[in-house]
Amino acid sequence: MSTTNPPLPEFDIDPRAFRTLADAQMGVELDTGDMILNLGPQHPATHGTLRLVVRLDGERVIAADPVIGYMHRGYEKLVEFRTYPQITTLINRIDWLSSFANEVPFIDAAEKLMGVEAPPRAQYIRTILTELSRISTFVLFLGEMGLQVGALTPAFYGFRDREHVVNLIEAVTGGRFHPNFNRVGGLKDDLPWGWVNETRTVLKKIYDACDTFEDLVAGNEIFHARTKGVGIIPPEIGAAYGVSGSNLRASGVDWDLRRDGAPYLVYRDLDFKVWTHPDGDSFARYWVRLQETRESCRMVLQLLDALPSGPIMAKVPRIIKVPEGEVWTEVENPLGQMGYYVFSKGATGPFRVKIRSASFSNVSILPWLLRGVFVPDVITILASLYFILGDIDR
Amino acid sequence: MTDVTPTDPGEPQEPQESSTATAVEEVAPDPHALDDAHAELLARFENELGAAVLDTGKAFGMPIVRVQRNEWRRAAEVCRYTLGLDFLSYVAGIDWMPAPKEGGDDGGSDTSSPVQPTETTYGITGSDGRYQVFARVQSTHGNVGITLKVDVDEDALLVQSWVPVYPGADWHERETWEMYGFVFEGHPALRHLYLPTGFEGHPLRKDYPLLSRVVKPWPGLVDVEAMPGGDDDAAAEPAAAEEAS
Amino acid sequence: MSALSFAVDIGWGTTLAIKTLVILMIVPATALILGYTFLLKMMSHMQSRLGPMDPGGFHGWFQLVGDGMKFMQKEDIMPAEADRRVFAMAPMVVVVSTFLIFLVIPAGPDIVVKNLNVGVFYALAVSSLSVIGVLMAGWASANKFSLLGALRAAAQLIAYELPLLLAIVGVVIQASTMNLQGIVGAQSTGSIFGFDGLGNPYILTQFVGFALFMIAAQAELTQTPFDMPVAESELVAGYMVEYSGFRFLFFFIGEFGTAFAFAAIAATIFLGGWALPASWGLSVGLMRFVGPAVLFAKIMFVAFLMFWVRFTYPRLREDQLQALAWKVLIPIGLLNIVATAILKVAM
Amino acid sequence: MKKPKLPGVIGGLGITFKTMLKPAVTVQYPHEREDPPTRARGVIALKEENCTVCMLCARSCPDWCIYIEGHKEKRPPRREGGRDRTVSVLDRFDIDYALCMYCGICVEVCPFDALFWSPEFEYAESNIAKLLHDKRKLGEWMETVPEPEPLEIGAEVKGKKK
């Protein structure tokens with residue numbers, strides 16, 4: 001019953017050539033004028049202020065041009081006027097859903113430049129908190145995707161279950177959204193009393209929540225009809241556009257920086273499965289993130305069992321001066337590959353930092369992906385790519 | 001190919017006080033060493049491009065190569081089609097000139113932001129001008145990656161565009177164009193990405209002031225008032241003044 | 001006609017006035033009841049939250065009434081390029097069709113505004129009036145989103161008129177009358193293979209018809225999984241985007257009033273309407289009071305089904321929706337009619 | 001225990017029905033309260049006696065939202081016969097919570113432990129100017145500062161000054 005997308009032409013970027021295909025497709029001789037529709041910047045389907053200028057022929061999209069920059073805070077300029085502790089407070093505002101995971105690569109870069117190594121307990125707690133912020137982002141996505149496709153209820157389940165995880169992060173770091181808990185050389189504080197057992201009960205709840213989402217959304221035939229075969233990203237074109245993370249793994253690319261890239265934190269001592277899906281459509285992206293949420297729960301349980309004791313802060317001078325040099329650190333953030341290229345000239349702050357955020361490239365494939373697609377499918381594809389505006393605009 | 005680790009020309013004026021924390025460099029294995037996959041990649045890249053490679057270097061296990069200006073697109077083609085580096089991470093720009101002190105040279109206006117050294121030093125593979133474009137490409141299966149750098153002529157500001165090779169470079173180049181002013185030849189439509197259409201000036205250049213900090217007086221400027229008419233000795237200068245530099 | 005003249009003999013005109021007054025009050029009241037119980041309380045509990053608690057003290061019963069008043073005093077904005085008269089008329093047309101449906105629904109042995117012989121046929125014919133109102137609203141608001149919403153609504157409502165009718169034809173054949181009182185009577189007196197303790201509610205024999213009717217009603221009311229015209233995440237509010245204040249209140253009443261009307265038709269046709277099985281031997285006088293309560297209970301059950309589906313499912317794309325209507329529902333409807341006819345003759 | 005796979009369409013209905021019967025999770029805020037964890041960063045409290053007007057917090061605040069004014073005073077020597085001590089006294093210590101991003105750098109950088117975190121969060125104002133809390137108000141927050149909670153097993157307990 002689900003009509004698949006029309007056969008997309010071999011990759012090219014000239015919409016003019018596509019226009020004839022759209023007409024031939026519709027078999028409409030009379031030349032109807034195109035309608036320019038503005039999706040956003042105030043629109044419920046764009047997670048924030050993304051504006052999509054769409055040229056429609058009837059309900060079918062001929063060309064889509066995302067307009068971004070409404071949330072541009074100019075991080076790369078701000079960073080040049082701040083010291084390292086001040087920057088950690090800033091960068092966890094880039095991808096504000098998994099904010100702890102933003103701080104880790106930058107602190108890792110500073111520690112590499114200074115030749116400082118955070119003690120094992122700090123590494124373990126950092127990995128736990130990164131995986132917890134991944135769980136909180138994905139649980140929200142599992143509910144949010146249902147909302148974009150029309151089902152109101154999963155969104156509330158998503159927020160309800162995510163609340164437990166966010167409370168856990170707040171109990172440790174003090175901040176629900178902006179933990180600012182990383183310091184060069186370790187962490188600001190240790191875990192509060194009874195936190196480990198509390199985390200185990202919460203992980204049990206998240207595990208059950210995943211089953212609920214499996215039945216309510218992933219198993220629903222209407223959801224299949226709306227997402228299967230919609231917005232297919234071929235692996236080689238996805239990689240050429242820099243799409244990373246679950247979006248690329250959903251197209252069958254078995255690539256996860258936690259396992260493959262340069263070793264960071266304690267992912268090397270964990271055994272976890274990298275989930276991929278052959279189809280590369282919106283359903284595959286939902287399915288991959290659902291499995292990755294479960295995988296993260298298992299990983300945090302392993303980490304909690306193997307949590308070493310000991311100090312959480314290495315010996316680091318009070319005023320941090322990072323020696324001269326350049327370093328590139330990349331990590332597997334919930335949204336994809338996040339990396340910092342830090343140029344330092346030996347001052348208390350970096351000379352220049354290139355922030356490679358995942359959603360920027362994930363969204364740059366939209367003009368290619370949205371050609372010949374129905375309007376409701378545009379919303380499905382936007383939801384399945386799962387980008388955060390702060391991540392796009394920096 | 002000179003294998004140079006980052007040594008800035010000449011010692012900076014005040015001796016680099018070796019803070020206790022930096023682990024003793026020599027004993028630990030060289031942190032920049034390339035694992036064999038990257039070393040082999042670097043070797044293959046060099047014999048593919050031959051003379052086009054001006055300089056190579058490595059930083060923390062990542063090879064960096066500076067290529068000639070007119071070979072930039074060919075380097076991309078080599079990376080994508082011969083070396084199989086199919087994933088484009090980013091394309092970005094850098095301005096090596098140190099930022100002029102805000103509010104002229106009286107200094108002390110804002111000591112909360114870091115004080116960068118004043119002379120211009122270039123990164124690992126050096127640069128012949130103030131501007132450079134650097135990009136990173138990786139392989140999604142071989143988990144190797146390489147960073148390429150190219151110089152941008154200061155008065156011509158021209159760079160070859162990577163869009164025909166990596167379509168993903170489209171947005172990255174638009175951002176670098178509006179932030180630094182480099183014109184990418186062969187780019188389908190260089191127009192503003194982040195900044196509003198009528199925006200003049202290139203914000204990420206070092207000489208572009210951060211207005212928000214110029215407008216508001218720095219709350220840290222005020223000092224404890226000296227005793228009225230008392231015999232406060234000159235030595236009781238507020239301790240904070242020299243500590244912050 | 002003189003049904004309502006208990007003690008005093010009141011003229012023809014006054015009964016008509018009373019009846020219209022009752023109808024004018026029923027529709028907003030049912031919209032409030034339905035909206036409150038299902039949209040506010042049931043939906044929130046299904047989403048593990050409480051819903052309004054403070055307004056009106058006990059469980060926030062005053063919430064929708066308060067909303068109604070809020071809408072009334074809100075400014076009634078009309079877009080600059082809007083087609084003023086059509087923009088103003090659109091909500092009226094949509095609500096009128098709701099009022100008209102209530103004319104034929106029987107709530108008791110002789111409690112009905114007009115007992116038409118072609119009752120069912122009339123009800124469904126009138127319910128398709130709202131399509132015109134929706135198109136008028138979409139076109140007149142000079143807004144791309146509302147235009148898209150209106151065109152989707154037009155295609156959808158027309159496509160689902162057919163399954164709606166076909167579902168009813170089965171019942172009409174079995175009850176061999178289109179008069180709603182007749183159908184209610186047939187169900188209460190009928191018997192299934194001799195056992196008449198439960199009467200013969202057509203939901204048992206006409207289950208396919210009931211399922212078909214519920215799906216088509218869901219589409220007629222533009223409720224999920226068929227709420228493309230008012231897709232919040234795509235078209236924000238579909239054809240209602242530009243409406244605010246009192247006019248939006250009309251749309252709100254229209255939406256929930258029609259939901260109540262369709263639930264009433266479904267209850268009357270498939271669940272035996274106001275009547276309890278004849279074999280229980282209740283007197284007509286008593287039924288005159290018990291009837292409306294029974295009808296209300298059955299309507300709430302059917303409405304529960306509708307809203308339960310609405311809060312659980314995602315939304316279909318319109319081409320899938322059209323394919324569902326033309327390729328699946330209509331063939332099933334025709335088969336159902338053929339089967340009923342054969343059984344009718346064979347019995 | 002893989003239960004027989006109901007078609008998703010029916011299974012979904014089951015879930016919403018079950019949730020309807022379970023109690024809701026809403027906390028009705030003004031009547032019921034859910035107090036934040038002890039480490040929550042709600043508001044910054046100032047212990048005036050510890051403050052020596054060293055300006056470190058004002059200088060390291062990324063948002064530039066701490067305004068301090070102080071003056072020097074003569075104080076009798078601690079031990080008799082000693083020289084008079086010149087001490088800095090705080091005149092004005094304002095934190096502008098309209099600008100503050102609750103990063104906590106000031107609390108950390110203060111060498112004399114004059115600033116503390118308190119999980120208190122109910123200080124919303126109708127007028128934004130009132131978000132500039134002066135010295136007196138910051139002192140009031142001191143009572144709401146909780147005792148530092150014990151750490152998890154395996155944590156190295158270092159001296160925690162109040």
Side-chain angles (χ1 to χ4, degrees), chain A residues 78 81-83 85-90 92-93 119 121 125 151 153-154 156-157 160-161 163 167-168 170-176 178-181 183 188-197 211-224 307-313 318-319, chain D residues 1-3 5-20 22 24-27 34-42 44 56 59-64 100-109 111 116-119 121 146 148-158 160:
Chain A
L78 287 178
F81 294 86
R82 281 180 168 63
T83 64
Q86 288 173 341
I87 293 176
T88 39
T89 66
L90 272 185
N92 57 42
R93 283 159 165 74
R121 184 174 176 86
I125 295 178
T153 324
F156 287 95
Y157 295 166
R160 176 196 62 191
D161 300 328
E163 199 56 30
N167 287 343
L168 277 181
E170 184 185 21
V172 176
T173 64
R176 288 163 57 88
H178 303 304
N180 182 23
F181 193 59
R183 297 292 175 267
K188 171 184 172 201
D189 220 332
D190 210 309
L191 302 175
W193 177 258
W195 191 79
V196 172
N197 305 337
D211 298 342
T212 324
F213 284 120
E214 180 109 42
D215 298 340
L216 192 61
V217 182
N220 193 314
E221 280 72 19
I222 301 175
F223 187 74
H224 291 181
L307 186 62
S309 59
I312 47 152
M313 191 62 181
R318 217 169 144 57
I319 297 156
Chain D
M1 66 100 190
K2 202 82 194 74
K3 54 183 166 53
K5 217 43 205 111
L6 286 164
V9 182
I10 316 291
L13 286 175
I15 290 171
T16 36
F17 195 78
K18 278 204 295 288
T19 323
M20 188 169 79
K22 288 203 205 89
V25 292
T26 327
V27 171
E34 199 184 49
D35 41 22
T38 35
R39 276 195 197 165
R41 302 198 294 259
I44 297 166
L56 255 179
R59 291 209 166 97
S60 55
C61 168
D63 289 353
W64 292 8
C100 172
M101 65 172 170
Y102 300 94
C103 62
I105 285 184
C106 53
V107 174
E108 252 180 83
V109 87
F116 297 90
W117 274 115
S118 136
F121 59 89
E149 59 191 343
L151 294 180
E152 186 60 290
I153 36 172
E156 199 188 63
V157 186
K158 48 187 184 323
K160 196 88 180 97

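Note on naming: letters A, B, ... go to the chains in the order of the sequence lines (proteins, then strands), and numbering restarts at 1 for each one.
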Query raised in the report: Are the side chain of A:Gln86 and the backbone N or O of D:Ser60 linked by a donor-acceptor pair below 3.5 Å?
Result: yes
Query raised in the report: Has the side chain of A:Arg121 got a donor or acceptor atom that lies under 3.5 Å from a matching backbone atom of A:Pro308?
Result: yes
Report task. Give the member of A:Pro154, A:Ala218, A:Pro192, A:Ala171 that has the highest number of heavy-atom pairs under 4.5 Å with chain D. Result -> A:Pro192
Query raised in the report: With a 4.5 angstrom heavy-atom cut-off, which part of A:Pro179 approaches chain D: side chain, backbone, both or neither?
Result: backbone
Report task. For each of A:Leu307, A:Thr153, A:Ile222, A:Leu191, tally heavy-atom pairs with chain D at distances under 4.5 Å, and name the one with the top tally. Result -> A:Leu191
Query raised in the report: Which bit of D:Ile153 comes within less than 4.5 Å of chain A, counting heavy atoms only: side chain, backbone, both or neither?
Result: both
Query raised in the report: Checking heavy atoms, do the side chain of A:Phe223, its backbone, both or neither come under 4.5 Å from chain D?
Result: neither
Query raised in the report: Can A:Glu163 and A:Arg176 be counted as an ion pair, charged N to O under 4.0 angstrom?
Result: yes
Query raised in the report: Of the backbone (N, CA, C, O) and the side chain (C-beta and beyond), which part of A:Val172 lies under 4.5 Å from a heavy atom of chain D, both, or neither?
Result: both
Requested in this report: Between chain D and each of A:Leu216, A:Leu90, A:Thr173, count heavy-atom pairs under 4.5 Å; write down the option with the most.
Outcome: A:Leu216
Query - Side chain / backbone / both / neither for A:Arg93 at chain D, heavy atoms under 4.5 Å - result: side chain
Requested in this report: Using atom types as modelled and distance alone, determine if a side-chain donor or acceptor of D:Glu149 lies under 3.5 Å from a backbone N or O of A:Trp193.
Outcome: no
Query raised in the report: When you measure from the side chain of D:Glu152 to the backbone N and O of A:Trp195, does any donor-acceptor pair fall under 3.5 Å?
Result: yes
Query - Options D:Gly12, D:Ala40, D:Pro36, ranked by heavy-atom pairs under 4.5 Å with chain A, top entry - result: D:Ala40
Query raised in the report: How would you list, by chain and number, every residue that makes a side chain to side chain contact (heavy atoms under 4.5 Å, CB included) with D:Ala24, sequence neighbours excluded?
Result: C:Leu50, D:Thr26
**Report entry** D:Trp117 side chain to D:Arg39 backbone, donor-acceptor under 3.5 Å
**Finding:** no
Query raised in the report: chain A heavy atoms under 4.5 Å from D:Val9: which part of the residue, side chain, backbone, both or neither?
Result: both
Report task. Heavy-atom pairs under 4.5 Å with chain A are the metric here; pick the option from D:Val25, D:Thr38, D:Thr19, D:Leu13 that has the most. Result -> D:Thr19
Query raised in the report: Where the side chain of A:Asp215 meets the backbone of D:Gly11, is there a donor-acceptor pair that is under 3.5 Å apart?
Result: no
Query - Part of A:Thr212 within contact of chain D (heavy atom distance under 4.5 Å) - result: both
